[in-house]
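Remember, it's 1-based here, ligands and their atoms both numbered in the order they're listed. When a residue number appears, it is its place in the shown sequence, counting from 1. All values below were derived from every heavy atom in this structure, side-chain atoms included, with hydrogens, water molecules and symmetry-related copies excluded.
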Amino acid sequence: MKKHKIALLAGDAIGPELMREAVKVLKAVEARNSDLEFDLIEAPFGASAYFEVGHPFPDETKKLCDEADAVLKGPVGLSYEETQKIPVDMQAERGAILPLRRHLNTYANFRPVSLPKALAHFSPLKPEIVGDGIDILIIRELVGGLYFGEKETGTNPEGLRYVKETLEYDEKQIRQILHVAFQQAQKRKKVLHNIHKSNVLKSSVLWNEIVEELAPEYPDVEVKHQLVDSAATALCLNPTQFDVMVMENMFGDILSDQGGGILGSLGLMPSACLGDNKAYYEPSHGSAPDIAGQNIANPYSMIGSVALMLEHSFDLREEAANVWRAIQSVFADGYSTPDLSKPGSGVTMINTDAFGDRVVEALGAF
Ligand code: IPM
Ligand code: MG
């Protein structure tokens, strides 16, 4: 019997609704395999945790994450007005997400930008640009760079308020994320787009130097260097040229949201946050407080994150592939949810929970 302990951090707003569907899928996977057991344990995290227990990333949650074999996390954060009720450093992003990433040292963030045929109608891009489908793996460095560097605010000698934020990497940090990217490129199409801004940023100059140093260890991988601004345009005009893309934390934050844009919704963006010893999985999007509690958010990003967990944390590749197939088959059968599709767009509209039920049903048929 293989037993896996999974920490479930449902998060805020639509988080619990999405988590319910993810749990259904995990239970269905467990039921299909007599030698598999998932021990699912919930813990508070995010703005709701702040209001309930006084901290967005409470010690009990930290302890559970340390003990668990993997962590599944929902989106966090509340509306602007609700967020103002929380001290700045306790707000969900600064107080929970970034500390979680740092605590688990999940330096490699995999953000698949995947548009198979069944989902093609969601994309705002023309069919001739989407071609046979988009399948990009954005690899974002997740625990360094501008988001984690030292910050300073104050008043300068001229009496003007100023702010200083630092973008800092050492070569070890850059090397570790690049190894991961080269290895993924080797497993896929053997082309690695290195995204940088070396015409301006010294951090990119060092980053690119290390790319050149590592490249001989991966002679079968072709490296293509591309400036981040030009990559943003290319993602819209010719996304199918990309396979694996690797980049610094902030570049990855921005370009991966653009990835959601070319798919048609951030709701189609699951992600895996991987470290050497720990991993957690989360949708790439926010908690959508405007549609919370309405049972209309599509659970794709959360169920996709389950599939990534099955693959990366538990090496259950076949089950992961089955979950992807199941969720895509629900779209292929013409179903969608109100957050993704407009009434009259030719789809059969169903709610969050019915979508999850259909995924489970499809899974049962394989
Ligand atoms: C993401 C989010 C986070 C980030 C925020 C919520 C801290 O935008 O995961 O992309 O900037 O990394
Ligand atoms: Mg983001």
Original post:
For ligand 1, what is the set of protein residues having any non-hydrogen atom at a distance below 4.0 Å?
Top reply: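 Lining ligand 1 at under 4.0 Å, by heavy atoms, one finds E93, I97, R101, R111, R140, Y147, D253.
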
Original post:
Just wondering, are more than 12 heavy atoms of other shown residues or ligands nearer than 6.0 Å to CD in E42?
Top reply: no

Original post:
Are L268 and I254 linked, directly or through other ILVMFWY residues, by side chains that come within less than 4.5 angstrom of each other?
Top reply: yes

Original post:
Would a hydrophobic clustering, with Ile, Leu, Val, Met, Phe, Trp and Tyr connected at side-chain separations under 4.5 Å, put L310 with Y280?
Top reply: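 Different clusters: L310 never reaches Y280 through Ile, Leu, Val, Met, Phe, Trp or Tyr contacts under 4.5 Å.
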
Original post:
Do the ring centers of F57 and F45 come within less than 6.0 Å of each other?
Top reply: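 That pair passes the under 6.0 Å test.
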
Original post:
So, for F122 and F331, is the gap between ring centers shorter than 6.0 Å?
Top reply: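 Ring centroids of F122 and F331 are less than 6.0 Å from each other.
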
Original post:
Have E212 and H225 got a donor and an acceptor in their side chains that come within less than 3.5 Å?
Top reply: yes

Subject >> Distance-only polar pair, side chains of Y218 and H179, donor-acceptor under 3.5 Å >> reply: yes

**OP:** Answer yes when K5 and D69 have at least one side-chain N-carboxylate O distance shorter than 4.0 Å, and no when they do not.
**Re:** no

Original post:
Going by chain and residue number, what protein N/O/S atoms come nearer than 2.8 Å to the Mg ion (ligand 2)?
Top reply: D253 OD1

Original post:
Which class fits the ring pair F314 and H4: parallel under 30°, tilted 30 to 60°, perpendicular over 60°?
Top reply: parallel

